[in-house]
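Sequence lines set the chain letters: A, B, ... in the order given, protein chains first and strands last, and positions in each chain run from 1.
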2 protein chains.
Amino acid sequence: MTVSRVLRNRGDVSEATRERVLEAARSLGYVPNKIAGALASQRVNLVGVIIPSLSNMVFPEVLTGISDTLEDTGLQPVVGVTNYSPEREEAVIYEMLSWRPSGMIVAGLEHTDASRAMLAQAGIPTVEIMDIDGTAIDSAVGISHRRAGRQMAEAIIAAGYRRIAFCGTMMPYDHRAKKRLAGFEEALAKAGLTLADREFYSGGSALLKGREMTEAVLKRTPDVDFLYYSNDMIGAGGLLWCLEKGIDVPGKIGLAGFNGVELLDGLPRRLATMDACRLEIGRRAAEIIAGKHEGVIGGEVIELTPTLQPGDTIRR
Amino acid sequence: MTVSRVLRNRGDVSEATRERVLEAARSLGYVPNKIAGALASQRVNLVGVIIPSLSNMVFPEVLTGISDTLEDTGLQPVVGVTNYSPEREEAVIYEMLSWRPSGMIVAGLEHTDASRAMLAQAGIPTVEIMDIDGTAIDSAVGISHRRAGRQMAEAIIAAGYRRIAFCGTMMPYDHRAKKRLAGFEEALAKAGLTLADREFYSGGSALLKGREMTEAVLKRTPDVDFLYYSNDMIGAGGLLWCLEKGIDVPGKIGLAGFNGVELLDGLPRRLATMDACRLEIGRRAAEIIAGKHEGVIGGEVIELTPTLQPGDTIRR
DNA sequence: ATGAAAGCGCTAACAC
DNA sequence: GTGTTAGCGCTTTCAT
């Protein structure tokens with residue numbers, strides 16, 4: 001009826017009735033029922049966002065980008081967390097799709113077959129984010145982690161390091177870290193090198209783990225002259241440890257991480273890293289959803305290019 | 001019809017038909033429409049969670065607690081971010097309530113009148129988290145920040161420090177930081193002391209800001225012998241700066257932060273801090289919602305007691 | 001400019 | 001154990 005028109009600023013309503021309705025709504029503390037509205041209109045202003053974790057600052061940052069961009073489109077993000085489990089992801093996707101959102105943003109390109117099928121059949125825009133090394137269901141926004149790893153290896157080799165070791169997470173489902181390492185080793189191989197050592201961890205304080213892993217590697221393989229970390233937090237831990245031990249960085253040992261986290265700005269020395277374009281990825285993904293919303297069709301793949309920040313932990 | 005019964009494991013359905021329905025659903029890639037279901041059943045498995053920010057690791061951690069606990073209750077968190085703006089919070093609450101969630105979890109006790117009214121009238125359990133210094137709408141789970149500030153001040157004074165300064169955020173709506181400072185100053189006053197200096201910041205890398213503020217304070221008020229930071233990140237920045245400058249910590253200057261963040265474990269020295277019980281708060285809040293769901297009524301206020309971790313940056 | 005009526009896709013209650 | 005029916009609170013379309 002008329003009330004509905006007023007509340008949605010639709011159709012012609014006289015100023016008088018309009019005022020009356022608004023007043024009544026306010027005094028009654030009326031909150032419309034979107035469930036009924038959505039059912040009737042077949043329109044839902046929700047966007048499902050699925051990420052592996054909230055403990056890793058990377059994802060809250062992507063979320064911030066999404067949230068900021070969506071803010072003035074009338075769309076609302078709904079977040080689901082998978083804990084890096086494909087089965088959990090499948091369940092969360094199912095759950096979200098059952099609310100018939102206007103779009104989905106999902107981290108990564110690796111999903112169960114069922115997940116891919118559901119997303120493909122949902123009839124809504126889907127954006128896979130963070131990674132572009134693989135096949136997208138619909139749209140994708142991210143960087144090539146393979147290339148990022150390769151690039152870092154090339155920079156390290158160019159700087160003259162030869163005994164290079166790797167420290168990273170053990171998580172079997174962190175596909176992006178895995179791709180970075182693959183690209184890294186690929187570039188090493190091309191230069192006739194192989195990893196001098198490698199160390200993995202899971203759980204705990206990343207900064208502390210970085211220290212421990214660094215110590216372990218250097219004890220086991222004392223002639224290592226470079227440590228490549230799968231993320232900045234463990235890299236920062238390694239850096240602090242080296243500085244404390246009085247090790248010459250980057251003279252005797254060079255260090256590099258990945259992500260370009262803000263935290264690094266406050267460290268005694270700037271760790272070499274690579275920006276993962278997190279905010280930008282979030283923004284672009286949200287823009288695609290918001291745009292599709294207006295009628296565009298067809299998947300697009302956007303590759304962002306991370307910049308290598310040499311910092312002060314690679315010799316020049 | 002029967003299909004509905006199967007999909008929800010309700011009522012008696014023969015194994016045969018059950019199988020048939022399930023099979024059909026699977027092959028059709030059928031995803032039920034929760035919108036229609038919710039409208040018909042007047043039940044929604046969603047819990048609204050409203051927090052000020054995702055950039056501050058504190059909130060993702062609370063979310064993790066909520067998410068973990070809700071996981072096996074069939075309830076799903078839906079996150080809204082306010083950026084510390086009461087108006088935005090009001091809008092987000094309105095938006096969420098319009099989806100008729102089973103419960104709401106909202107950070108803090110300070111809200112606009114309209115927000116409070118909406119939550120009070122929604123007829124669903126509401127849990128205000130993080131803080132208990134004030135009046136709750138329904139239930140609340142948190143710590144007394146006022147008391148936390150007081151306790152830290154008492155410990156500092158007991159350790160013999162007398163020229164005490166404060167460094168913190170400038171955010172006018174960070175009520176909890178404000179309460180900690182109030183409690184802190186209250187305890188100082190009781191000992192006949194006042195803050196020797198104070199410095200505020202907003203935005204940027206917290207670690208870096210911690211360094212800058214520490215330097216600024218010590219330059220302006222060289223006889224300061226203790227720095228109380230409103231959070232651990234800036235405290236960590238201050239600690240790193242002091243260590244680099246060769247300042248005797250905690251001999252010449254003592255330091256303390258707040259939150260008990262994991263990061264501190266990897267620092268060269270353990271910053272004194274106070275655990276804010278973030279995970280526990282998330283868990284308890286989720287439990288209240290999940291419990292109410294089952295029929296209990298009446299608001300309860302749960303005060304958690306943070307423990308002071310003296311670390312290595314307070315003299316003993 | 002306003003009202004009336006027909007669903008949206010489910011669930012709940014009841015019949016069979 | 002299975003089918004039938006009447007809504008849930010809106011939006012949409014069509015009349016007035």
Side-chain angles (χ1 to χ4, degrees), chain A residues 1-46 48 74-76 78 93-103 118 121-124 293-295, chain B residues 1-46 48 74-76 78 93-103 118 121-124 293-295:
Chain A
M1 54 157 107
T2 316
V3 175
S4 172
R5 279 188 268 255
V6 174
L7 264 24
R8 290 176 301 136
N9 304 310
R10 282 275 175 91
D12 313 294
V13 184
S14 76
E15 199 46 46
T17 28
R18 181 189 180 69
E19 268 313 317
R20 257 185 333 121
V21 172
L22 249 29
E23 170 51 30
R26 212 172 302 132
S27 74
L28 284 157
Y30 173 80
V31 177
N33 186 328
K34 287 226 180 198
I35 301 174
L39 183 59
S41 68
Q42 310 281 349
R43 249 192 298 279
V44 179
N45 70 334
L46 263 26
L75 259 28
Q76 251 249 330
V78 178
I93 289 175
Y94 182 81
E95 177 79 12
M96 289 224 164
L97 287 180
S98 74
W99 284 101
R100 302 292 186 264
S102 291
M118 281 191 283
Q121 307 220 337
I124 56 173
H293 198 230
E294 313 290 350
Chain B
M1 56 160 111
T2 317
V3 176
S4 171
R5 278 188 269 255
V6 174
L7 265 23
R8 289 177 302 136
N9 302 312
R10 282 277 174 89
D12 314 293
V13 184
S14 76
E15 199 45 47
T17 28
R18 179 187 182 68
E19 269 313 318
R20 244 169 0 104
V21 172
L22 249 30
E23 170 51 30
R26 212 172 304 132
S27 73
L28 284 157
Y30 172 80
V31 176
N33 186 330
K34 286 228 181 195
I35 301 173
L39 182 59
S41 69
Q42 309 282 348
R43 248 193 299 280
V44 179
N45 71 334
L46 263 24
L75 260 29
Q76 250 251 330
V78 178
I93 290 176
Y94 182 82
E95 177 78 13
M96 290 222 162
L97 287 181
S98 75
W99 284 102
R100 303 291 187 266
S102 291
M118 281 191 283
Q121 307 221 336
I124 55 173
H293 197 230
E294 313 290 349

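- Among residues two or more places apart in sequence or in another chain, the side chain to side chain contact (heavy atoms under 4.5 Å, CB included) test is passed with B:Q42 by none.
- Using a 4.5 Å cut-off on side-chain heavy atoms (C-beta onward), B:W99 and A:V78 make no contact.
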Name the pairs: protein N/O against N/O of nucleotides 6-9 of chain D, kept only if under 3.5 Å.
residue: D:dC8; atom: O3'; partner: B:Q42; partner atom: NE2; Å: 2.8
residue: D:dC8; atom: O2; partner: B:L39; partner atom: O; Å: 3.4
residue: D:dC8; atom: O2; partner: B:A40; partner atom: N; Å: 3.1
residue: D:dG9; atom: N2; partner: A:A36; partner atom: O; Å: 3.2

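- Contact check, A:S4 against D:dT11: a side-chain N or O comes under 4.0 Å of OP1 or OP2.
- A close approach under 4.0 Å does not occur between any side-chain nitrogen or oxygen of B:R43 and OP1 or OP2 of C:dC10.
- Using a 4.0 Å cut-off, some side-chain N or O of B:T17 falls inside it from OP1 or OP2 of D:dT2.
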What donor-acceptor contacts under 3.5 angstrom involve side-chain atoms of residues 29-40 of chain B, with partners at least two apart or in another chain?
residue: B:N33; atom: OD1; partner: B:I35; partner atom: N; Å: 2.8
residue: B:N33; atom: OD1; partner: B:A36; partner atom: N; Å: 3.2
residue: B:K34; atom: NZ; partner: A:E95; partner atom: OE2; Å: 3.3

Is there any protein nitrogen or oxygen under 3.5 Å from a nitrogen or oxygen in nucleotides 14-16 of chain D, and what are the pairs?
none

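- A:N45 places no side-chain N or O within donor-acceptor distance of the main-chain N or O of A:Q76, the cut-off being under 3.5 Å.
- The phosphate of C:dC8 (OP1 or OP2) has no side-chain N or O of A:R100 nearer than 4.0 angstrom.
- Distance, B:N45 CG to C:dC10 P: 15 Å, rounded to whole Å.
- Applying the side chain to side chain donor-acceptor pair (under 3.5 Å) rule to B:S14 yields the partners B:T17; only residues at least two apart in sequence or on another chain are considered.
- Between A:P101 and A:I124, the closest side-chain pair of non-hydrogen atoms falls below 4.5 Å.
- Distance, A:K34 NZ to C:dG9 C1': 20 Å, rounded to whole Å.
- Between the CE atom of B:M96 and the CG atom of B:L46 there is a distance of 8.5 Å, given to the nearest 0.5 Å.
- Axis deviation across the helix from C:dA1-D:dT16 to C:dC16-D:dG1 amounts to 30°, comparing end segments of five pairs, rounded to 10 degrees.
- Each of A:A38 and B:R20 was matched to the nucleotide of DNA chain D holding its nearest heavy atom; the match closer to the 5' end belongs to B:R20.
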(message) For a salt bridge (Lys or Arg N to Asp or Glu O under 4.0 Å) check, start with the C-alpha distance between A:E23 and A:R20, then their side-chain angles and the critical distance, and finish with the verdict.
(response) CA-CA 5 Å; A:E23 170 51 30; A:R20 257 185 333 121; over 6 Å; no
